[in-house]
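In what follows, a structure is listed as structure tokens, so that the remarks can point back to it.
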Protein chains: 2
Amino acid sequence: MELDDRKRKILLAIIQNYQETGEPVGSRTISKMDDLNYSPATIRNEMADLEEMGLIVQPHTSAGRVPTDKGYRLYVDNLLKTDETSLTVSEAQLPGTHMEQLLSKRMDRVEEMLMRMAQILAANTQYTSMVTGPHYKRNKLKFIQMSAMGSGKLLAVIVLNGNIVKNNILDIGADLAPEVLTNLNFCLNNNLNGLSIEEINLALITKIKEEAGEYADVAAKVLDAVAGAFDKEDSVPVYTSGATNIFKYPELADNGKISDLINVLEEKSELGTTLGHVAEGESKQDIQVYIGDEVPVDSMKDCSVVTATYQMGDGVQGKIGIIGPKRMDYQKVVETLKATMSQLDGIFMKPEE
Amino acid sequence: MELDDRKRKILLAIIQNYQETGEPVGSRTISKMDDLNYSPATIRNEMADLEEMGLIVQPHTSAGRVPTDKGYRLYVDNLLKTDETSLTVSEAQLPGTHMEQLLSKRMDRVEEMLMRMAQILAANTQYTSMVTGPHYKRNKLKFIQMSAMGSGKLLAVIVLNGNIVKNNILDIGADLAPEVLTNLNFCLNNNLNGLSIEEINLALITKIKEEAGEYADVAAKVLDAVAGAFDKEDSVPVYTSGATNIFKYPELADNGKISDLINVLEEKSELGTTLGHVAEGESKQDIQVYIGDEVPVDSMKDCSVVTATYQMGDGVQGKIGIIGPKRMDYQKVVETLKATMSQLDGIFMKPEE
DNA sequence: TGTTAGCACTCAATTAGCTGGAGTGCTAAC
DNA sequence: GTTAGCACTCCAGCTAATTGAGTGCTAACA
């Protein structure tokens with residue numbers, strides 16, 4: 001069967017009405033709309049066709065229609081218009097929401113900024129938001145600074161591009177003389193600065209150890225710390241906000257399900273490994289929409305999730321996502337994400353080299 | 001009216017039975033207990049007295065009895081036995097729960113440790129847990145390390161006692177020569193190390209600025225950063241875990257209330273300012289029990305909260321707390337907290353000077 | 001005097017039956 | 001192709017009846 005223009009309009013009307021009310025929408029409701037001036041009976045015929053195509057269903061015999069996952073998919077892929085105008089619209093929308101406050105004051109602490117970003121997104125959309133911390137794998141080392149802490153301990157501060165700072169307290173057993181420390185600092189910085197984790201290979205490690213001479217074991221410990229700073233692949237920090245927004249949508253407010261959902265949001269780790277994973281070769285502009293069963297998290301099979309990739313500095317990237325009911329306002333969510341992306345890029349790109 | 005031994009036993013029985021079932025307990029149930037071999041009628045007479053004393057109530061005329069806040073208060077203050085034996089009991093209990101894993105491996109990152117502690121507490125008790133980060137006010141400065149980052153930026157690493165590390169990126173407009181940096185580092189460390197925030201007064205600040213000479217403004221910025229490292233009084237980090245455990249207790253699972261509750265747990269800030277506040281002159285051994293209306297958080301008026309103060313290093317302290325239904329197992333909770341405290345003190349006290 | 005058996009009573013929770021309304025599918029007429 | 005009409009279905013909300021757990025009170029008993 002073919003999806004002609006009228007059917008398309010009816011499907012759109014059903015989706016929009018259901019979005020607002022959360023109730024199944026009947027033929028009478030639609031026939032009263034301005035641009036669909038047909039009798040309920042006609043609408044019913046069309047709806048029967050749409051149901052046959054698997055785009056809508058009725059929860060029970062004498063109820064109105066509700067979009068199916070497939071219906072939403074069609075909507076998102078074809079019917080949703082995210083043309084040029086949309087960006088300017090949402091940019092005009094955002095100022096009301098403290099976004100510019102966040103963006104004007106460039107925060108030095110990345111974590112805090114991401115957390116606040118999650119909060120703003122949740123407040124803006126009235127859905128639940130998720131922001132993963134950046135993946136460091138492809139990031140580069142800016143510099144290393146070691147300081148003596150006394151009692152055989154060394155503080156290693158590792159700074160990556162994007163001003164991401166990692167601290168590490170190393171236990172090296174004995175205190176080093178200041179000039180030894182200076183030399184070691186120089187040696188490490190000289191050899192490592194500007195490199196990514198892949199570029200630190202065995203040859204280089206051997207070279208550093210040789211240069212460190214009798215302090216080779218200290219150098220080795222520092223290198224471990226450097227690897228540790230990069231290697232957060234399996235434990236990316238995830239920030240969420242607005243978890244309680246899901247209580248607003250009765251179709252999700254079933255007590256058993258809501259508990260599972262909030263649990264996943266609290267644990268965060270599952271979010272990081274599934275939704276937070278940045279696919280290889282993924283373009284920055286890509287926005288992923290997961291609808292219902294498509295969501296790769298079990299407890300969210302009744303939800304939809306929209307994610308986008310953000311970029312900060314060189315090869316450092318993460319995900320932001322919105323989690324809401326399947327009848328979420330995809331238009332608004334996609335626009336909000338796009339606007340956030342473009343503004344984020346603005347902050348991060350400028351002050352870095 | 002006097003609370004004789006039999007009445008006490010009956011109250012205890014009601015509290016314990018209600019703890020397990022969550023249902024109002026009737027006279028028949030109690031008369032079947034081993035050490036209370038009276039007829040239901042006798043028990044009823046006693047229960048009527050207990051009700052008159054305000055220790056129990058019946059939710060409706062033909063229901064069993066439920067303890068009141070006042071009843072729980074009496075229980076916690078007098079009937080609860082937390083004698084010497086209890087500590088060893090709970091210590092024997094904890095090993096099954098990864099606690100020793102956490103404690104054996106001394107984590108260098110304080111935040112991560114506190115977060116995992118919250119997780120373990122929640123898993124252990126099946127209630128919701130809360131851990132506030134330490135208050136730094138009375139802590140002391142261990143040392144400061146500044147490094148040049150290029151393009152007019154300076155990285156200031158501030159280490160407090162207890163190996164709490166703070167990073168700060170300062171924008172000073174121009175790059176400093178290495179020897180200037182060395183001198184500045186020396187000057188600051190020389191003047192500040194070992195001091196608490198209160199001890200850094202105007203006279204000292206003036207002295208430092210004089211020593212810094214033409215770099216007085218840089219020194220001022222560093223001092224601001226130091227103050228910032230200490231002054232987290234109003235934004236103590238709070239870690240929570242097991243929020244979804246409250247779904248297990250039907251008396252809390254009302255959809256409106258549970259949303260408010262989880263919201264507070266998610267926001268965290270209110271927890272920090274009320275429950276997280278360490279009272280002046282509070283002894284380390286003190287354990288606070290808030291029952292129902294006593295809880296200083298609005299959305300928790302149907303809950304009970306038990307908190308304890310932990311100590312790490314010199315004057316650095318924070319709170320850990322358990323949030324659960326009023327019918328929580330106070331015995332177990334108090335024991336778990338005490339055991340955690342004593343083990344925590346063990347870790348923090350030993351490796352520090 | 002303390003304890004207990006008996007009985008009438010109360011009230012929440014469950015169940016069954018009823019009704020109204022919203023919505024549908026189908027058919028026949030326009 | 002569109003529409004009016006009609007029989008049908010099913011949910012939601014209401015009421016009434018039933019059940020069961022538990023109580024308070026009184027009178028008898030040890």
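These values consider heavy atoms only, across backbone and side chains, with no hydrogens, waters or symmetry-generated copies. Below, read A as the first sequence line, B as the second, and so on, with proteins coming before strands; counting in each chain starts at 1.
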- [ ] Quickly work out the B:Asn45 CG to D:dT23 P distance and round it to whole Å.
- [x]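 Whole-Å distance recorded here is 11 Å.
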TODO: Using whole Å, report how far NZ of A:Lys7 lies from P of D:dG1.
DONE: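 It is 10 Å, rounded to the nearest whole Å.
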TODO: Report yes if a donor N or O on one partner sits less than 3.5 Å from an acceptor N or O on the other, where the partners are the side chain of B:Ser62 and the base of C:dC11; otherwise report no.
DONE: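 Per atom types, the contact qualifies.
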- [ ] Please determine if B:Arg6 forms a cation-pi arrangement with B:Tyr38, meaning its NZ or CZ atom is less than 6.0 Å from the six-membered ring centre and no more than 45° off the ring axis.
- [x]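 Yes; both conditions hold, so B:Arg6 lies above the ring face of B:Tyr38.
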Open item on the list: Quiz question: by atom type and distance under 3.5 Å, do the side chains of B:Lys332 and B:Thr125 form a donor-acceptor pair?
Closed with: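 Looking only at side-chain atoms, B:Thr125 and B:Lys332 do not form any donor-acceptor pair under 3.5 Å.
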Any [X] side-chain N or O less than 4.0 Å from OP1/OP2 of [N]:
{"X": "A:Gln58", "N": "D:dT9", "value": "no"}
{"X": "B:Arg6", "N": "C:dT3", "value": "yes"}
{"X": "A:Arg65", "N": "C:dT24", "value": "yes"}
{"X": "B:Thr61", "N": "C:dT10", "value": "no"}
{"X": "A:Ser39", "N": "D:dT2", "value": "no"}
{"X": "A:Ser27", "N": "C:dT24", "value": "yes"}

Open item on the list: Applying the Watson-Crick and G-U wobble criteria at under 3.5 Å, what pairs with D:dC25? Answer none if nothing qualifies.
Closed with: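 Because both required distances fall under 3.5 Å, D:dC25 counts as paired with C:dG6.
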Open item on the list: Testing B:Val306, B:Thr340, B:Leu275 one by one against B:Ile320 for a side chain to side chain contact (heavy atoms under 4.5 Å, CB included), which residue passes?
Closed with: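 Testing each of B:Val306, B:Thr340, B:Leu275 against B:Ile320, the sole residue satisfying side chain to side chain contact (heavy atoms under 4.5 Å, CB included) is B:Thr340.
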Open item on the list: Within the supplied structure, the quantity of interest is the number of heavy atoms (other residues, nucleotides, ligands) at a distance under 6.0 Å from B:Asp35 CG; does it exceed 12?
Closed with: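 Count over threshold, so yes.
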